[in-house]
Amino acid sequence: MGKRKLCLGLLIGTITGGLLSLLDRDARNYAKEKMTDIRSGSSYYVKRPSEAVKGAKDAFGRFNTTFTKGADNAINALEQVEGTLEQFTNKNDREELNNNL
């Protein structure tokens, strides 16, 4: 019940905010321009579905490549942090051992 009320409130707020923003002339012109772009783009791909599939495949390939590079960079950064922590820990262990002797 609470989830339903929250979703309904968000939907009503979104619609209300969108409609209120259309009171501004620049916002209306921008929305009209974007709707025209969407209409022309969608009619192009409706007539050429194979290009739509190819475009989606290419976009997914670019996303996959970018994601993989980002993951590799994150792994490398974590390995560097791990190496630094190991050096720090080993240094402290050696100092503690020397102090005990």
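These numbers come from a predicted model, not from an experiment.
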Apart from Leu20 itself, what residues make up its hydrophobic cluster when side-chain heavy atoms of I, L, V, M, F, W and Y under 4.5 Å apart count as a link, directly or indirectly?
Leu23
Suppose the criterion is side-chain hydrogen bond (donor to acceptor under 3.5 Å, both in side chains): which pairs have a residue in residues 4-29, not counting sequence neighbours?
none
From Ser42 atom OG to Asp37 atom CG, the distance as rounded to the nearest 0.5 Å
10.5 Å
Taking all atoms of both residues into account, what is the closest heavy-atom pair of Ala31 and Leu22, and its distance?
CB-CD2, 4.0 Å
Under the side chain to side chain contact (heavy atoms under 4.5 Å, CB included) test, which residues partner Leu11, sequence neighbours left out?
Ile15
Sequence neighbours excluded, every pair satisfying salt bridge (Lys or Arg N to Asp or Glu O under 4.0 Å) that has a member inside residues 43-56:
Lys54-Asp58
Connected hydrophobic set around Leu10, excluding itself, where side chains approach under 4.5 Å
Leu6
Once side chain to side chain contact (heavy atoms under 4.5 Å, CB included) is applied, do any residues pair with Lys57, and if so which ones, sequence neighbours excluded?
none
Hydrophobic cluster (4.5 angstrom, side-chain heavy atoms) - remaining members for Leu8:
Ile12
Enumerate donor-acceptor pairs with a distance under 3.5 Å from any side-chain N or O in residues 76-84 to protein atoms, sequence neighbours excluded.
from, atom 1, to, atom 2, distance (Å)
Asn76, ND2, Asp72, O, 3.4
Thr84, OG1, Gln80, O, 3.0

